[in-house]
Structure formats: C-alpha cells, structure tokens
Amino acid sequence: MTTRTTSRYVALLRGINVGGKNKVPMQTLRELLARIGGTDARTHLQSGNAVFTHEERDPGVLAAELEQAIADELGLTITCMVRTGADLRRVVEANPYPMDGVNGSRFLVVFLSGPAPRDKLAGIDQSAYAPDTLQPGEREIYAHFPDSIRDSKLGVKLNDRWLGVRATARNWNTVTKLLELVEQ
C-alpha cells in the first residue's frame with residue numbers, strides 16, 4: 001500500500017479585485033484550487049490569498065496549474081505564486097527588521113518568482129529614499145515604508161520590470177496571518 005503525503009501551501013495572486021478589474025471571487029478561487037487537486041482551501045481577505053493542501057511537491061507546478069485554471073475559467077492572466085508553509089515560516093523568521101513599533105500595514109514582503117536581484121538592489125542609494133528602506137531575502141524583499149507606500153519613490157522600483165522577476169507584495173499583517181492559517 002502506497003501512502004501519499006500532502007503539504008500545506010499558500011497561494012498569492014497578484015492584482016486581483018483591485019480597482020474593479022481582474023475580479024476573482026474567493027469562492028471561485030477555492031473552487032479552482034479544488035479543481036487542480038487542492039483540498040482544505042481557505043481564503044484570507046478578498047485580494048488573492050489562500051492556503052490549501054496538495055499532494056504535489058513542487059510549488060512551481062501548482063502555481064502554473066493555478067494560473068492556467070484561472071485563464072481557462074475566467075479568461076484572466078494572473079500571476080500566481082505558491083509557497084510551502086515551511087517556506088513562509090522561513091520568510092517570517094528571516095525578517096531582518098526588528099518589528100518593535102513597526103506598523104505591520106506599512107511593512108511589506110515582496111514575494112519573487114526567483115532569487116532576489118541582489119546586485120540591482122545593492123545599487124540603490126537607500127539614503128536617497130529615506131525613511132523608506134528595503135533588504136533582500138532569498139526569494140523575497142523586505143521593505144519598510146513608515147510614511148506609506150502610496151507616494152514612495154522606492155516602492156515604485158518593486159515591480160517585475162525593474163526587478164527582472166515576477167513579484168507580488170503582502171503587508172506584514174497579512175503574511176503573519178497566512179502563516180497562522182497554513183500552520184493550523
């Protein structure tokens with residue numbers, strides 16, 4: 001008898017339900033996760049965050065399958081990133097910022113489809129963007145915008161074109177809540 005093991009995952013969809021375009025209802029997202037073999041799917045907020053269980057061992061395969069399911073069902077091209085629960089735990093534990101007194105809604109983790117472009121990030125004169133700061137992780141960038149990202153000149157660099165990899169950001173409050181959900 002073969003026993004299959006399952007893993008818990010976090011799906012992060014970029015740019016949905018924002019500004020009236022790219023509508024993906026959370027019920028539909030849960031249904032699409034089930035369609036690709038996911039079980040125990042739960043969503044968080046209305047902006048494309050889900051936790052689920054799956055037998056697949058490669059998060060990249062799951063991301064590609066979810067992107068295709070969204071394209072097939074809704075006709076939308078949506079960037080999806082899937083991380084294991086263990087990887088999300090690593091992201092939280094590797095945070096290089098002391099979080100005492102930091103407003104979690106103004107602290108972002110930018111999840112990347114590949115390694116953080118350290119050379120490009122090292123070329124940024126962060127003093128020119130103060131009080132905003134960033135630090136690279138493995139496949140993420142930690143960024144603090146104490147006065148809000150809305151008018152940040154540093155924040156505008158954290159996009160696919162400038163970084164050279166696909167990216168989607170979540171604030172610290174969302175990241176830690178997703179970790180809590182994936183570890184339940």
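The figures here come from the full heavy-atom set of this structure, side chains too, leaving out hydrogens, waters and symmetry mates. All of these numbers come straight from a predicted model, not from anything done at the bench.
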Given T133 and Y97, is the side chain to side chain contact (heavy atoms under 4.5 Å, CB included) satisfied, shown in steps? CA-CA 10 Å; T133 60; Y97 286 82; 2.8 Å; yes
Ignoring hydrogens and angles, tell me if any N or O in the side chain of [X] forms a donor-acceptor pair with the backbone of [Y] under 3.5 Å.
X    : Y    : value
R170 : V175 : no
Q126 : L134 : yes
D40  : T53  : no

Closest non-hydrogen atom pair, [X] against [Y]:
X    : Y    : value
N103 : S105 : OD1-OG, 2.7 Å
L12  : V10  : CD2-CG1, 3.8 Å
K23  : L74  : O-CD1, 4.1 Å
I78  : E67  : O-CG, 3.2 Å
F52  : A11  : CE2-CB, 3.9 Å
G48  : L29  : CA-CD2, 4.4 Å

More than 12 heavy atoms of other residues, nucleotides or ligands under 6.0 Å from CZ of R118: yes or no? yes
Only one of R57, H54, E55 passes side-chain hydrogen bond (donor to acceptor under 3.5 Å, both in side chains) with S7, and that residue is R57
Taking side chain as C-beta onward, heavy atoms only, is [X] less than 4.5 Å from [Y]?
X    : Y    : value
E73  : E31  : no
T174 : K177 : no
L178 : H44  : yes
T168 : T79  : no

List the steps, then state whether side chain to side chain contact (heavy atoms under 4.5 Å, CB included) holds for R89 with L179. CA-CA 7 Å; R89 164 65 54 200; L179 179 62; 3.4 Å; yes
So how far is it from [X] [atom1] to [Y] [atom2], rounded to the nearest 0.5 Å?
X    : Y    : atom1 : atom2 : answer
I141 : L112 : CD1   : CG    : 4.5 Å
T84  : D58  : OG1   : CG    : 11.0 Å
M26  : S47  : CE    : OG    : 7.0 Å
I16  : C80  : CD1   : SG    : 8.0 Å
L32  : I70  : CG    : CD1   : 6.0 Å
Y142 : L108 : OH    : CG    : 12.5 Å

Would a single hydrophobic cluster contain both [Y] and [X], if residues Ile, Leu, Val, Met, Phe, Trp and Tyr are joined by side-chain heavy-atom contacts under 4.5 Å?
X    : Y    : value
I36  : V61  : no
V165 : V82  : no
V24  : L33  : yes
I124 : I149 : yes

Salt bridge check: are D132 and K157 linked by an N-O gap of less than 4.0 Å? no
Candidate pair W172 and V109, rule side chain to side chain contact (heavy atoms under 4.5 Å, CB included), full reasoning: CA-CA 7 Å; W172 190 247; V109 177; 3.8 Å; yes
Is there a side chain to side chain contact (heavy atoms under 4.5 Å, CB included) between D160 and R14? Walk through the geometry before answering. CA-CA 11 Å; D160 296 15; R14 183 179 67 197; 2.6 Å; yes
Sorted by chain and number, sequence neighbours left out, side-chain contact (heavy atoms from CB on, under 4.5 Å) with R83 holds for D87, R90, V91, F111, R139, E140
